Asks: 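Here's a structure for you.
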Amino acid sequence: MQYLNELNDIQRQAVTDINGPSLVVAGPGSGKTRVLTYRIAYLIDSKIPPYQILALTFTNKAAKEMKERISKVVGSSVNKVWAGTFHSIFARILRFEADKIGYPSSFTIYDTDDTKSLLNAIVKEMGLDPKAYGAGTLYNRISSAKSNLISPTAYSNNAELLEKDRAKGVGQLHHIYKKYSERCRRSGAMDFDDLLFQTYRLLHQNPDGVLEKYRSKFSHLLVDEFQDTNYLQYSIIKKLCLYDGSPQNICAVGDDAQSIYAFRGATIDNILDFEKDFKGLKTYKLEQNYRSTPYIVNAANSVITHNKKQIKKVIWTSHEQGEKIRLVKAISDTEEARRVVDLIQEQKNRYHLSNSEIAILYRTNAQSRLFEEYLRRSNLAYRIYGGLSFYQRKEVKDILAYLRLINNQNDDEALKRIINYPRRGIGNTSLDKVSAFANANGISLWEAIGSDTDFGRSTNSIKKFRKMIEGFIQKETGVGIYDLATYVVNKSEVIDDLKKDGSHEGQSRLENVQALLDAIKDFEENDEIIDEATLPDKSLESYLQNIALVSDLDNEEEGSETITLMSVHSAKGLEFKSVFVVGLEENLFPSAMAIKSREGVDEERRLFYVAITRAEQYLTLSFAKTRYRYGKISEDTASRFLKEIDIEYFDDSSQSAALESSGVQRSGVRMAPMRKVLRKPIKVNPNFKASSISDIIEGAEVVHQRFGKGKVLKVDGDNDSRVATIAFDNSFDETKRILLKYAKLQVL
DNA sequence: GGGGGCTATGGGGGG
DNA sequence: CATAGCCCCC
């Protein structure tokens, strides 16, 4: 157990205290993953059978990293540990037990698109106004209901919810929820929330003693990112290890300051409840940050103190003073991108950074475009995470829909997607007839098209379609999924359809289909993918589950030499030597939706905290005064979060920008669109000699090293906080406010 | 039934 | 700006 020596005292206690409940409050960079992995290794070394260990994470990436690190210590027994995301672990359990709650074991997992498409169909059927009942809103509300363990029936009986819906003009929501659930069931489909919701129902209803089975199966539980669990997830955890006679061997690891998923139902209350629910809980606080330099740690600390509600802790580091934080103030979003990329070049040269040590983090995925453009121009290799993943591309989803239908014929969403792709003369009118028939009889679309009903002039085409799929199902038995997929792609004439399109995009769609087939082959042949806890075999069902639950974040190529571009959300848990957090403007970061409420801003602040604590050595923050959004130029002030960082933590050249960012709002002089900015090279005047602060008075003509000549309009504040308002001759701004304590000004 | 072009509308983060 | 939904014409 050599590894115990690699831990500090608190970490070691958290690792070796394996009996009873414990909570590890882990600040950023405090060795959280190390504690989790060594704790599992320690459990195994303590003769706990690995298959009795359940470790739940939020991302596949976290699970994968954990497993890799455990295997270095304990070898192949790691494959027997049940380590994975909440969703994948529960999907696995549901595959075993689905029949006990009325689902087929080959159930489909509906992704967001499937869910929204089904919701739209239901709204249409009910004759409701699709504008008032937007699929996105419906989805969020249904998701939130499930996350709070509210079934459709409970929803309909909840006067408060009904009243709220009525007030918002969505009074029919409870009916939609009910219908949606029925339709999912009829289709043998679960959405992402169902993977949790149905697991809870399974354990709660406890058919054939499944509850006892899993309680005794998992003797030791670990939960990563506990601050991001929602009520439903915590309820499942409690089902598994909070009961009479339970040893309560649970270890929750998290950081309330990094809770950034309240929008999908995560609640900090879980941490507070955890202390109440599990008596004798031991709390370990990991407060030493091994990741970042003091400026970064201190800046993060000063930001997060603006949130009232938090577990008391003091994050500190023993690292040496490093570089101060840099702030880039750009006139436009394009200028921001250009200057950030310039700085990346500069940092690469000066500090010999490799691409993989650099990340650009933004609030919204839409911001990636400009950075992408400038990085490409500069010949810097980059990789964008998030956004449209491979598996969300139309042509890929089309093929997967065929495979889904082969796996589960009641999968209505899959059927709807391909019944007329490629074109086979089955239009909306016919499909509506099929749907109406299916609904009237409470059967799936597949069952409907199998009946002897007349669906108008498309009836023949519909029968032919069904015959074709039946042929595929026949083919499935006895042949591998790669062969099956290849057969389907050809026989369905998808490939012919794609070949018809000679355009550039058509070509790339064809390539994507080929890439999908390659990926399927890889899945089939690659032994590493076998994982007892999540993917037991190489079946079609197993493959479909896998791709439904991975994101492209999880498919990182090893050792790729690229600059990382991603949203702050996806950056959680990662670290980079140099981090650029961009787009720090009001209405963007914090987002316009969040600033309406205190809780909203607090969550954005935690998100900002997550962003800056990703940096090990160099942190650059940037904002733009104007930015293209939704086709229009918008103008916003610097983010309030910038003001929450002590100005001392910024480097000299950034301080005036920092100050200005906290200055008063300028009255609405609208910037001309896409105004070209000519940047003057900074000439260093050899005769420059800074004057003393007392000489800088109202009316004085002064020279600034960087901004050039200007006139002092006024001076306010006293002593160290004296600020001069100066009009510089060659500035785009009317005035700048400069803190005299730091300014280098010479009176003429 | 299919396709092209127009208009209105939304606008976030992810498994 | 992107995209969904609509209308109109073939």
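Being a predicted model, the structure only gives us computed values, none of them experimental. First the proteins, then the strands, lettered A, B, ... as listed; each starts at 1.
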Asks: If you check the A:Asn120 side chain, which of C:dG5, B:dG1, B:dG14 turns out closest?
Replies: C:dG5

Asks: For the base of B:dG13, is there a side-chain donor-acceptor partner from A:Glu604 under 3.5 Å away?
Replies: no

Asks: Select base, sugar-phosphate, or nothing to describe what A:Tyr261 touches, counting heavy atoms under 4.0 Å on all strands.
Replies: sugar-phosphate

Asks: Would you indicate, yes or no, if B:dG12 has its OP1 or OP2 atom less than 4.0 angstrom from a side-chain nitrogen or oxygen of A:Asn365?
Replies: no

Asks: Take atom CD1 of A:Ile419 and atom P of B:dG2, then tell me their distance rounded to the nearest Å.
Replies: 11 Å

Asks: May I ask you to decide whether A:Glu413 forms a salt bridge with A:Arg417, counting only side-chain N to carboxylate O separations under 4.0 Å?
Replies: no

Asks: What does the 5'-to-3' dot-bracket notation of DNA chain B look like when only Watson-Crick and G-U wobble pairs under 3.5 Å count, and pairs to other strands show as |?
Replies: ||||||||||.....

Asks: Taking the side chain of A:Thr85 as heavy atoms from C-beta outward, which of B:dG1, B:dG15, B:dG12 is closest to it?
Replies: B:dG15

Asks: For a quick test of reading the model: is some side-chain N or O of A:Ser88 closer than 4.0 Å to OP1 or OP2 of B:dG15?
Replies: no

Asks: Return the nearest nucleotide to the side chain of A:Arg457; candidates are B:dG15, B:dG2, B:dG1.
Replies: B:dG1

Asks: Could a donor-acceptor pair under 3.5 angstrom be found where the side chain of A:Thr364 meets the base of B:dG12?
Replies: no

Asks: Tell me whether A:Lys394 is salt-bridged to A:Asp398, with the criterion being a basic N under 4.0 Å from an acidic carboxylate O.
Replies: yes

Asks: Using a strict threshold of under 4.0 Å (side-chain N to carboxylate O), is an ion pair present between A:Arg627 and A:Glu336?
Replies: yes

Asks: Checking A:Glu372 now: which residues fulfil salt bridge (charged side-chain N to carboxylate O under 4.0 Å, His left out) with it, not counting sequence neighbours?
Replies: A:Arg376

Asks: Stacking here means centres under 5.5 Å and planes under 30°; does A:Phe263 stack on B:dG13?
Replies: yes

Asks: Which residue lies toward the 5' end of DNA chain B, A:Gly425 or A:Ser591, if each is placed at its nearest nucleotide?
Replies: A:Gly425

Asks: Taking only side-chain nitrogens and oxygens of A:Asn428, does any of them come within less than 4.0 Å of OP1 or OP2 of B:dG2?
Replies: no

Asks: Looking across every strand, which nucleic acid part, if any, lies under 4.0 Å from A:Tyr421 by heavy atom: base, sugar-phosphate, or nothing?
Replies: nothing

Asks: Roughly how many Å is it from OH in A:Tyr385 to P in B:dG12, rounded to a whole number?
Replies: 23 Å

Asks: Please answer whether the main-chain N or O of A:Asp194 pairs with a side-chain N or O of A:Asp191 as donor and acceptor at a distance below 3.5 Å.
Replies: yes

Asks: With the threshold set at 4.0 Å, does a side-chain nitrogen-carboxylate oxygen contact exist between A:Arg640 and A:Glu586?
Replies: yes

Asks: Nearest to the side chain of A:His87, heavy atoms from C-beta on, is which of C:dG5, B:dG12, B:dG15?
Replies: B:dG15

Asks: Using whole Å, report how far CD1 of A:Ile109 lies from C1' of B:dG14.
Replies: 15 Å

Asks: For A:Lys463, is the NZ atom crowded, meaning more than 12 foreign heavy atoms sit under 6.0 Å from it?
Replies: yes

Asks: Assuming nearest nucleotide by heavy-atom distance, tell me which of A:Met593 and A:Arg423 is located more 5' along DNA chain B.
Replies: A:Arg423

Asks: Roughly, in whole Å, what's the span from NZ in A:Lys131 to C1' in B:dT9?
Replies: 9 Å

Asks: In whole Å, what is the span from the CD atom of A:Gln392 to the P atom of C:dT3?
Replies: 12 Å

Asks: Does any donor-acceptor pair link the side chain of A:Arg363 with the base of B:dG12 at a separation under 3.5 Å?
Replies: yes

Asks: Tell me what A:Thr112 touches on the nucleic acid: a base, only sugar-phosphate, or nothing, going by heavy atoms under 4.0 Å.
Replies: base

Asks: Give the rounded distance in Å between these two atoms: NZ of A:Lys632 and C1' of B:dA8.
Replies: 12 Å

Asks: Select one nucleotide: of B:dG14, B:dG15, B:dG12, the one nearest the side-chain heavy atoms of A:Asp193.
Replies: B:dG15

Asks: Could you tell me whether the phosphate oxygens of B:dG1, OP1 or OP2, come under 4.0 Å of any side-chain nitrogen or oxygen in A:Thr429?
Replies: yes

Asks: Answer yes or no: is there an ion pair linking A:Glu644 with A:Arg605, defined by an N-O contact shorter than 4.0 Å?
Replies: yes

Asks: Whole-Å distance between B:dG10 P and A:Arg629 CZ?
Replies: 16 Å

Asks: Could you state the atom-to-atom distance from CD1 of A:Ile426 to P of B:dG2 in whole Å?
Replies: 9 Å

Asks: When you measure from the side chain of A:Ser570, which nucleotide among B:dG13, B:dG14, B:dG15 comes out closest?
Replies: B:dG14

Asks: With a cut-off of 3.5 Å and sequence neighbours excluded, list every side-chain donor-acceptor pair involving residues 427-437 of chain A.
Replies:
unit_1, atom_1, unit_2, atom_2, d
A:Ser430, OG, A:Ser458, OG, 2.6
A:Ser435, OG, A:Leu431, O, 3.1

Asks: Which whole number of Å gives the distance between the C1' atom of B:dG13 and that of C:dA4?
Replies: 22 Å

